[in-house]
Amino acid sequence: MEELMKQIIELEWDFFQTTKNEGGTASCQEDYPTFVIMRTAQFSCFTKELLESWLSDLRRAKEEGRNLIAEKYGRMMESTAPEQYKEISFYFPQHNEERLAITEEIIKIQVGWLEECQKEYPAVLSKARLIHTSEDTPYNTSAETYLRGELGTYSDHTLMLYGRYIVALKKEGKNLNKMICEKQVQSYGYVSLADAEEKSK
């Protein structure tokens with residue numbers, strides 16, 4: 001798992017470095033340690049099968065000359081900068097109605113999980129992205145829009161695996177977003193989310 005995550009993060013970082021940002025290089029593109037913490041927190045909660053599939057997607061994209069990180073941020077512009085999105089949308093693979101419906105079902109579950117986290121850990125979540133696409137601005141992208149952009153870059157196979165994983169977690173009463181947040185705060189030295197919440201008040 002560790003080696004899989006390392007390979008994924010290296011490929012993603014390479015893509016991230018060549019992603020063009022309006023106004024020049026974004027500050028987050030120069031912050032490798034934070035990038036590693038955030039992506040490791042997410043991927044450490046994934047299954048091995050899911051990691052293998054995403055790594056395959058990244059490698060295939062590199063061979064085809066595609067930049068999945070640039071595509072992810074480009075897809076987010078459908079909400080944050082719709083006029084500019086119209087000018088670039090033809091560059092991205094188009095998804096059929098069935099895939100879009102599956103994506104929205106996944107997002108619905110995860111938005112619910114984020115809302116639960118916000119209620120339970122308001123101080124910690126106050127430092128995170130806003131949750132809902134309805135809150136997007138040209139300079140502030142919500143977690144919902146970010147997730148929609150990311151899922152849009154997954155292959156059909158990776159999305160299928162991810163969707164099944166999300167449904168399985170929900171049936172078990174688990175919250176993936178809480179699991180990821182737990183890993184994130186532990187990376188910054190907190191014992192748990194409860195510990196981070198108490199010390200963030």
Side-chain angles (χ1 to χ4, degrees), residues 1-21 24-76 92-93 103 106-107 109-110 113-114 117 124-125 127-129 141 143-169 172 174-193 195-196:
M1 292 282 283
E2 292 290 332
E3 183 57 31
L4 274 173
M5 288 192 289
K6 181 181 177 182
Q7 290 179 46
I8 288 170
I9 291 168
E10 284 179 355
L11 274 170
E12 286 194 342
W13 179 253
D14 287 345
F15 283 143
F16 196 33
Q17 292 304 289
T18 57
T19 297
K20 294 179 181 178
N21 180 62
T25 303
S27 59
C28 55
Q29 288 177 285
E30 299 173 350
D31 190 355
Y32 181 68
T34 298
F35 183 87
V36 172
I37 286 172
M38 295 297 126
R39 300 309 278 173
T40 299
Q42 177 173 332
F43 295 137
S44 62
C45 297
F46 281 14
T47 65
K48 183 181 179 184
E49 186 179 24
L50 184 51
L51 289 174
E52 288 173 338
S53 188
W54 178 231
L55 178 58
S56 177
D57 290 353
L58 290 165
R59 286 174 170 166
R60 188 181 308 111
K62 186 175 182 179
E63 289 173 3
E64 295 172 353
R66 291 172 59 200
N67 181 334
L68 295 187
I69 302 301
E71 285 188 21
K72 173 171 68 176
Y73 285 99
R75 287 179 182 277
M76 293 181 209
F92 313 138
T103 298
I106 293 169
I107 291 170
I109 292 171
Q110 291 202 248
W113 282 341
L114 282 166
C117 288
V124 172
L125 269 290
K127 301 170 186 175
R129 293 176 183 273
T141 305
E144 179 183 351
T145 295
Y146 185 94
L147 178 60
R148 188 171 287 111
E150 183 147 298
L151 296 182
T153 66
Y154 286 1
S155 66
D156 288 347
H157 183 252
T158 300
L159 184 70
M160 176 193 69
L161 291 175
Y162 187 80
R164 288 177 178 173
Y165 180 51
I166 294 299
V167 170
L169 287 176
E172 293 170 16
K174 295 179 180 178
N175 180 329
L176 176 62
N177 292 84
K178 183 176 179 178
M179 292 159 59
I180 293 170
C181 285
E182 192 90 49
K183 297 283 187 181
Q184 289 173 349
V185 299
Q186 288 172 348
S187 296
Y188 287 104
Y190 296 102
V191 176
S192 63
L193 264 173
D195 179 44

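Here the structure is a predicted model, which is why all the values come from computation and not from measurement.
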- Measuring from E10:CD to L55:CG, what's the distance to the nearest 0.5 Å? 10.5 Å
- Task: Taking the side chain as every heavy atom from C-beta outward, state whether K62 and F15 have any pair of such atoms under 4.5 Å apart.
- Result: yes
- Message: What I'd like to find out is whether the side chain of Y73 reaches to under 4.5 Å of the side chain of F16, using heavy atoms alone.
- Response: yes
- Between R75 and P93, what is the shortest heavy-atom contact and its length? NH2-O, 2.7 Å
- Minimum heavy-atom separation for A41 to I180, with atom names? CB-O, 3.8 Å
- Message: Taking the basic N atoms (NZ, or NE/NH1/NH2) and the acidic carboxylate oxygens, is any pair closer than 4.0 Å for E2 and K6?
- Response: no
- Message: Show, in sequence, the C-alpha distance, side-chain angles and deciding distance for R59 and E63, and conclude whether the salt bridge (Lys or Arg N to Asp or Glu O under 4.0 Å) test is met.
- Response: CA-CA 6 Å; R59 286 174 170 166; E63 289 173 3; over 6 Å; no
- Item | Heavy-atom pair with the smallest gap, counting every atom of L176 and Q110 | CD2-NE2, 4.0 Å
- S56 vs R60 side-chain heavy atoms within contact, under 4.5 Å: yes
- Is K174 salt-bridged to E182, going by a charged N under 4.0 Å from an acidic O? no
- Task: Could you tell me which non-hydrogen atom of I69 sits nearest to which non-hydrogen atom of N67, and how far apart they are?
- Result: N-OD1, 3.0 Å
- Output for pair (S53 OG, Y154 OH), nearest 0.5 Å, gives 9.5 Å
- Residue that, paired with Q42, satisfies side-chain hydrogen bond (donor to acceptor under 3.5 Å, both in side chains) out of E150, Q184, K183: E150
- Task: Determine whether L68 and E71 make a side-chain contact, defined as any pair of heavy atoms from C-beta on separated by less than 4.5 Å.
- Result: yes
- Query: Rounded to the nearest 0.5 Å, what separation is found between the CG atom of L4 and the CZ atom of F46?
  - Reply: 12.5 Å
- Query: Picking from H157, E12, E49, what satisfies side-chain hydrogen bond (donor to acceptor under 3.5 Å, both in side chains) with W54?
  - Reply: E12
- Query: Can you name the nearest heavy-atom pair linking I8 to L51, along with the distance?
  - Reply: CD1-O, 3.5 Å
- Message: Taking the side chain as everything from C-beta on, heavy atoms only, tell me whether V36 gets closer than 4.5 Å to I9.
- Response: yes
- Message: Quick check: do Y146 and M76 have side-chain heavy atoms less than 4.5 Å from each other?
- Response: yes
- The single option from L58, D57, L151 passing side-chain contact (heavy atoms from CB on, under 4.5 Å) against T158: D57
- Rounded to the nearest 0.5 angstrom, the SG-OH distance for C181 and Y190 is 13.5 Å
- Query: Between atom OG1 of T153 and atom CZ of R148, what is the distance when rounded to the nearest 0.5 Å?
  - Reply: 13.5 Å
- Message: Quick check for you: to the nearest 0.5 Å, what is the distance between F35 atom CZ and T40 atom OG1?
- Response: 9.0 Å
- What pair of heavy atoms forms the shortest contact from V191 to Q186, and how long is it? O-NE2, 3.3 Å
